[in-house]
Structure formats: C-alpha cells, structure tokens
Amino acid sequence: MNIIITGGAGFIGSHVVRLFVNKYPQYKIINLDKLTYAGNLANLKDIEDKPNYKFVKMDICDFDGVYKLMQDEHVDGIIHLAAESHVDRSIKDPFTFAQTNVMGTLSLLQAAKLYWESLPEKWEGKRFYHISTDEVYGALEMTHPEGIKPPFTTKASSGEHHLAYGEKFFTEDLKYQPHSPYSAAKASSDHFVRAFHDTYGLPTIVTNCSNNYGPYQFPEKLIPLFINNIRHRKPLPVYGKGENVRDWLYVEDHARAIDLIFHKGKVAETYNIGGFNEWKNIDIIKVVINTVDRLLGRPEGQDMDLITYVTDRAGHDMRYAIDSSKLQRELGWEPSLQFEEGIEKTVKWYLENQEWMDNVTSGDYQKYYDDMYKGR
Ligand code: NAD
Ligand code: DAU
C-alpha cells in the first residue's frame with residue numbers, strides 16, 4: 001500500500017509514522033505535514049532515512065497539491081491526523097481551527113474521492129481513516145467526585161487509581177455536543193467524513209480517542225509543560241480547582257489501535273479508543289511532581305509548592321471518559337501499559353531528552369526542516 005499520513009511530524013502522528021515505517025517495509029509511507037509550530041521533524045530522526053519513508057511539506061488545505069500527490073504516489077490509504085490540536089489556542093484563534101480542521105479535512109476527502117473514483121477498481125482496497133477526539137461528545141457529569149470502581153477491567157490501571165467519576169461514559173452512539181472551538185471544528189470534520197461515506201460511498205473510518213501522553217508531545221499540553229516547569233522550578237498553572245477529569249492513554253497504545261483499525265476496522269464504523277484511566281488533573285499533577293522529583297534525586301514532593309491555581313479555561317469541560325469496549329470486543333485491542341509504567345516512561349523520556357525540549361522551547365526545532373530537507 002501507499003499511505004499518506006497527515007500530521008506525521010506532530011505528537012501522535014510521529015508515533016504512527018514510526019510504527020508503520022518500521023512494521024511495514026513493503027508499504028510506502030508519505031508523511032504530509034505543513035510543519036506548523038506543532039510539527040517537528042526531529043520527532044522522526046530515527047526513521048527519516050528509511051527507504052519506505054518520504055516527507056512532503058504541504059498544507060492539507062492545498063487541494064490541488066494533495067490531489068496531485070495522490071495521483072503521483074498512487075495512494076491507497078489516508079490516515080488523517082493533521083489538525084490544530086490545542087484547546088487554549090482555539091479559544092484565542094477559532095478561524096485557524098475551522099480552516100485547518102474543517103476545510104483541510106474537506107480538501108483531503110474531495111481529493112481522495114476524485115482520485116479513487118477515477119481508478120478502475122474505485123474504492124476497492126482503499127481507506128480514508130480520520131483520527132478524531134473524545135471532545136466532540138462534550139462533557140460528562142461528575143456525579144461521583146469521590147470516585148467509583150467502573151464495571152470493567154483493563155491492564156491500563158493498577159486498581160488503586162481505577163476509579164470513574166460518574167456512571168456515564170462516551171459511547172459511539174452518543175450525540176455530538178462540542179463546547180470549544182477546537183472540538184466544534186473536529187466535530188464538523190467528523191460529520192464531513194461521514195457525509196462522504198453516506199453520499200459518495202468513500203470507504204471511511206472514524207476513531208475518537210481520549211487524552212494521549214508520552215514522548216514528543218508539544219510542551220503547551222499539560223504533561224510535558226508541567227514536567228519541564230518542575231525541572232526548572234517554574235510555577236505550574238492549574239486551571240480552576242484542578243478537579244477536571246481526563247482519561248489518559250499512552251500514545252504508543254493509540255498508535256497500535258490506529259494500526260489495527262486501519263487494517264481490520266469496518267468501513268463506515270466509529271470506534272472509541274481509551275484506557276478506562278480517569279484522573280483528576282490535580283491528582284495526575286501530584287504524580288508527575290513526585291515522579292520528576294524522584295528521578296531528579298530531589299526529595300519526593302518537594303516541588304508541590306509550584307502548584308499555582310489560575311483562572312479557569314473558558315468553557316472548561318468537566319469530565320471525559322471513554323468507553324472503548326466496542327474496540328476491545330470487536331477487534332481485541334486493549335492498552336498494553338499500566339498507567340504507572342506509562343507515566344514513569346514519559347517523565348524519564350522528557351528528562352533524558354532535554355535537548356529536544358530546549359530546541360522546542362527556544363524555537364530552534366523549526367530550523368530542522370531547512371537543514372535536513374530543503375534542496376533534497
Ligand atoms: P499536534 O498538534 O501535536 O500535531 C499536529 C500536526 O499537524 C503537526 O505536525 C502540524 O504541523 C500538522 N498540521 C497542522 N495544520 C496542518 C495543515 N494545515 N496541513 C498539514 N499539516 C498540518 O497534534 P496531536 O496531539 O498529535 O493530534 C493529532 C490528531 O489526533 C489531531 O487530529 C487531534 O485532534 C487528534 N487527537 C489528539 C489527542 C491528544 O491527546 N493529543 C487525542 C485524541 C485525538
Ligand atoms: O481528549 C482529547 C484531547 O486531549 C485532544 O483532542 C486534544 O488535542 C488534546 O490537546 C487534549 O485536550 P485537553 O484540553 O484535555 O488537553 P490539555 O493538555 O490542554 O489539558 C489537560 C487538562 O489540564 C485540561 O483539563 C486543562 C488542564 N490544564 C492544561 C494546561 C495546559 C491546566 O490545568 N493547566 C495547563 O497549563
């Protein structure tokens with residue numbers, strides 16, 4: 001197969017590209033990325049010279065460019081991750097989110113439709129796989145702030161933290177109720193993907209995943225931002241009371257799910273992806289502080305005084321919790337890591353890759369493309 005992975009220079013995309021390039025030497029993997037502030041080719045240093053990998057700097061909104069690339073490379077599959085992904089930025093600049101997440105997705109859909117329709121085999125062996133988020137479902141109520149044991153067990157949690165904060169979970173049949181400009185734009189793109197299946201028969205799949213954590217995440221997001229701030233003893237801005245709940249999944253487990261669903265998922269289906277691993281922000285922040293302190297040889301908990309409660313995020317969703325039992329039941333996927341292992345690995349990675357972090361925070365990473373690719 002010849003596969004375009006969009007947003008492959010970003011956080012999750014780089015893990016998906018790495019997995020596909022290493023696991024499928026017989027495929028050609030084309031990483032299509034505009035390299036916005038969130039795209040960093042240093043995330044893919046280890047695979048950039050592999051013969052089955054190609055990087056193309058392109059905006060997904062460039063319909064002509066995408067259409068030509070599909071023809072030139074005889075593309076059979078698209079795994080679409082490119083997006084503006086940060087909620088706080090969407091509150092400041094909603095236009096960019098509508099442009100990239102909605103119009104960009106539409107441009108990819110239309111290019112795929114026109115190209116595949118023109119082939120003798122049409123949709124046969126083709127896949128348009130759209131990566132979406134649990135935020136499109138809106139927010140769940142926190143009916144049990146003290147926590148309850150959910151009625152399922154996975155390897156993702158040790159039991160001690162295996163709490164849910166309400167009886168309701170995001171299931172695939174829920175009505176979309178996005179609240180932020182980011183999630184509204186993602187919801188809109190999901191609707192376009194479904195519309196292209198229902199109207200034209202495009203072979204689409206959509207997945208909605210919970211919060212990812214792990215290496216190579218841009219340090220505007222909670223976990224890498226806080227790890228870096230703790231290291232440098234800078235304040236940790238906790239929104240509101242820190243009581244909001246997120247459901248955390250190790251990024252490589254998301255990449256494995258994407259691989260499985262791309263190959264085995266049913267066309268026109270939606271699958272939710274998550275690890276039944278709910279955490280209040282303040283609790284996860286304490287775990288991160290203790291882990292960073294321990295790994296840096298500081299007395300554990302010393303940096304709790306960095307916690308600084310700040311004004312809440314506008315429209316801050318209270319609780320996300322994914323029910324991924326459909327994916328477990330139908331395709332046999334489950335997270336491979338205990339949360340404790342995942343967070344330990346993640347903190348270790350950021351502490352051992354301070355150069356990566358410094359390049360990102362200084363802006364130097366944006367020169368990587370010029371050094372490595374310009375003129376190639
Ligand atoms: P990210 O912000 O780290 O990376 C986004 C990538 O897309 C970057 O490489 C950027 O350069 C590229 N990009 C942005 N606009 C582009 C454009 N117009 N044309 C081409 N490339 C462009 O994002 P992420 O956290 O890796 O998220 C990837 C996808 O997964 C997104 O669609 C996001 O909505 C979804 N998602 C993320 C999470 C999470 O926790 N991070 C959870 C569920 C779903
Ligand atoms: O649920 C999936 C979503 O997870 C993805 O679709 C998004 O792309 C991804 O960014 C993430 O969204 P969140 O808004 O949940 O992630 P973020 O890391 O920005 O924030 C996590 C929680 O921590 C959230 O409740 C807000 C809070 N927070 C965040 C930051 C950056 C703080 O309290 N302080 C902070 O400085």
Side-chain angles (χ1 to χ4, degrees), residues 5-17 31-41 43-44 56-62 65-66 79-91 96-97 99-101 103-105 107-108 130-137 139 170 178 180 182-183 185-186 189-190 207-214 216-226 229 235-249 251 254-255 258 272-274 279-282 284-285 307-313 316-322 366 369:
I5 299 181
T6 72
F11 166 47
I12 303 172
S14 63
H15 289 275
V16 177
V17 167
N31 173 10
L32 186 166
D33 198 300
K34 181 184 175 183
L35 298 184
T36 66
Y37 80 94
N40 182 355
L41 285 173
N43 297 356
L44 292 164
V56 176
K57 188 173 188 306
M58 191 179 283
D59 189 332
I60 54 170
C61 299
D62 173 5
V66 174
I79 304 179
H80 175 35
L81 295 107
E84 288 293 336
S85 69
H86 192 41
V87 174
D88 293 330
R89 285 182 190 254
S90 82
I91 294 167
T96 306
F97 281 70
Q99 178 63 21
T100 294
N101 299 1
M103 296 307 287
T105 301
S107 145
L108 289 172
H130 178 61
I131 309 298
S132 192
T133 171
D134 58 0
E135 303 200 12
V136 298
Y137 296 119
F170 292 141
S180 71
Y182 162 68
S183 52
K186 288 297 289 186
S189 66
D190 295 11
T207 55
N208 299 81
C209 188
S210 61
N211 284 62
N212 285 213
Y213 71 98
Y216 301 112
Q217 188 168 30
F218 197 85
E220 62 188 349
K221 309 279 167 60
L222 182 77
I223 291 186
L225 174 73
F226 278 32
N229 282 12
L236 307 174
V238 180
Y239 298 163
K241 294 185 183 151
E243 295 279 304
N244 302 62
V245 169
R246 296 290 181 267
D247 182 358
W248 294 92
L249 181 69
V251 62
H254 188 189
I258 290 172
N272 282 351
I273 309 173
W279 284 78
K280 285 186 190 169
N281 290 341
I282 193 65
I284 211 169
I285 288 163
I307 292 176
T308 309
Y309 292 94
V310 299
T311 310
D312 208 353
R313 174 184 277 174
H316 198 173
D317 285 333
M318 193 61 216
R319 171 177 171 245
Y320 301 149
I322 277 276
Q366 284 167 323
Y369 169 76

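Just so we're clear, the structure is a prediction, and the values are computed from it rather than from any experiment. First listed ligand is number 1; within each ligand, the first listed atom is number 1.
For the atom pair SG (C209) and CZ (F170), the distance works out to 12.5 Å, reported to the nearest 0.5 Å. Atom CD1 in I284 sits 4.0 Å away from atom CD1 in I223 (nearest 0.5 Å).
For a heavy-atom separation below 4.0 Å, the residues in contact with ligand 1 are G7, A9, G10, F11, I12, D33, K34, L35, T36, A38, G39, M58, D59, I60, L81, A82, A83, S85, T100, I131, S132, T133, Y182, K186, C209, S210, N211, N212.
The only member of T133, V136, I273 that meets side chain to side chain contact (heavy atoms under 4.5 Å, CB included) when paired with N208 is V136. When the options P235, P237, P224, P219 are evaluated for a side chain to side chain contact (heavy atoms under 4.5 Å, CB included) with N229, the one that passes is P237.
Heavy-atom minimum distance, S107 versus I60: OG-O, 2.5 Å. Residue L81 comes nearest to T6 through the heavy atom pair N-OG1, 2.8 Å, listed as atom of the first residue, atom of the second, then distance.
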Give me the pairs of N or O atoms, one from ligand 2 and one from the protein, that sit under 3.5 Å apart.
{"unit_1": "ligand 2", "atom_1": "1 (O)", "unit_2": "D134", "atom_2": "OD1", "d": "2.5"}
{"unit_1": "ligand 2", "atom_1": "1 (O)", "unit_2": "N211", "atom_2": "OD1", "d": "2.8"}
{"unit_1": "ligand 2", "atom_1": "4 (O)", "unit_2": "N211", "atom_2": "OD1", "d": "3.4"}
{"unit_1": "ligand 2", "atom_1": "4 (O)", "unit_2": "N211", "atom_2": "ND2", "d": "3.1"}
{"unit_1": "ligand 2", "atom_1": "6 (O)", "unit_2": "T133", "atom_2": "OG1", "d": "2.7"}
{"unit_1": "ligand 2", "atom_1": "6 (O)", "unit_2": "Y182", "atom_2": "OH", "d": "2.6"}
{"unit_1": "ligand 2", "atom_1": "8 (O)", "unit_2": "S85", "atom_2": "O", "d": "2.7"}
{"unit_1": "ligand 2", "atom_1": "8 (O)", "unit_2": "Y182", "atom_2": "OH", "d": "3.0"}
{"unit_1": "ligand 2", "atom_1": "10 (O)", "unit_2": "S85", "atom_2": "O", "d": "3.2"}
{"unit_1": "ligand 2", "atom_1": "12 (O)", "unit_2": "E135", "atom_2": "OE2", "d": "2.9"}
{"unit_1": "ligand 2", "atom_1": "14 (O)", "unit_2": "R313", "atom_2": "NH1", "d": "2.6"}
{"unit_1": "ligand 2", "atom_1": "14 (O)", "unit_2": "R313", "atom_2": "NH2", "d": "3.4"}
{"unit_1": "ligand 2", "atom_1": "15 (O)", "unit_2": "N211", "atom_2": "ND2", "d": "2.9"}
{"unit_1": "ligand 2", "atom_1": "15 (O)", "unit_2": "R246", "atom_2": "NE", "d": "2.9"}
{"unit_1": "ligand 2", "atom_1": "18 (O)", "unit_2": "L222", "atom_2": "N", "d": "2.9"}
{"unit_1": "ligand 2", "atom_1": "19 (O)", "unit_2": "R313", "atom_2": "NH2", "d": "3.0"}
{"unit_1": "ligand 2", "atom_1": "23 (O)", "unit_2": "N281", "atom_2": "ND2", "d": "3.4"}
{"unit_1": "ligand 2", "atom_1": "25 (O)", "unit_2": "R246", "atom_2": "NH2", "d": "3.3"}
{"unit_1": "ligand 2", "atom_1": "25 (O)", "unit_2": "N281", "atom_2": "ND2", "d": "2.9"}
{"unit_1": "ligand 2", "atom_1": "25 (O)", "unit_2": "H316", "atom_2": "NE2", "d": "2.7"}
{"unit_1": "ligand 2", "atom_1": "33 (O)", "unit_2": "Y239", "atom_2": "N", "d": "2.9"}
{"unit_1": "ligand 2", "atom_1": "34 (N)", "unit_2": "P237", "atom_2": "O", "d": "2.7"}
{"unit_1": "ligand 2", "atom_1": "36 (O)", "unit_2": "P237", "atom_2": "O", "d": "3.3"}

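Residues R246 and D317 meet the side-chain proximity criterion, which asks for heavy atoms closer than 4.5 Å.
Listed for the D33 side chain is no donor-acceptor partner under 3.5 Å among the backbone atoms of A82.
For the pair R89 and Y37, the cation-pi test (distance below 6.0 Å, angle within 45°) is passed.
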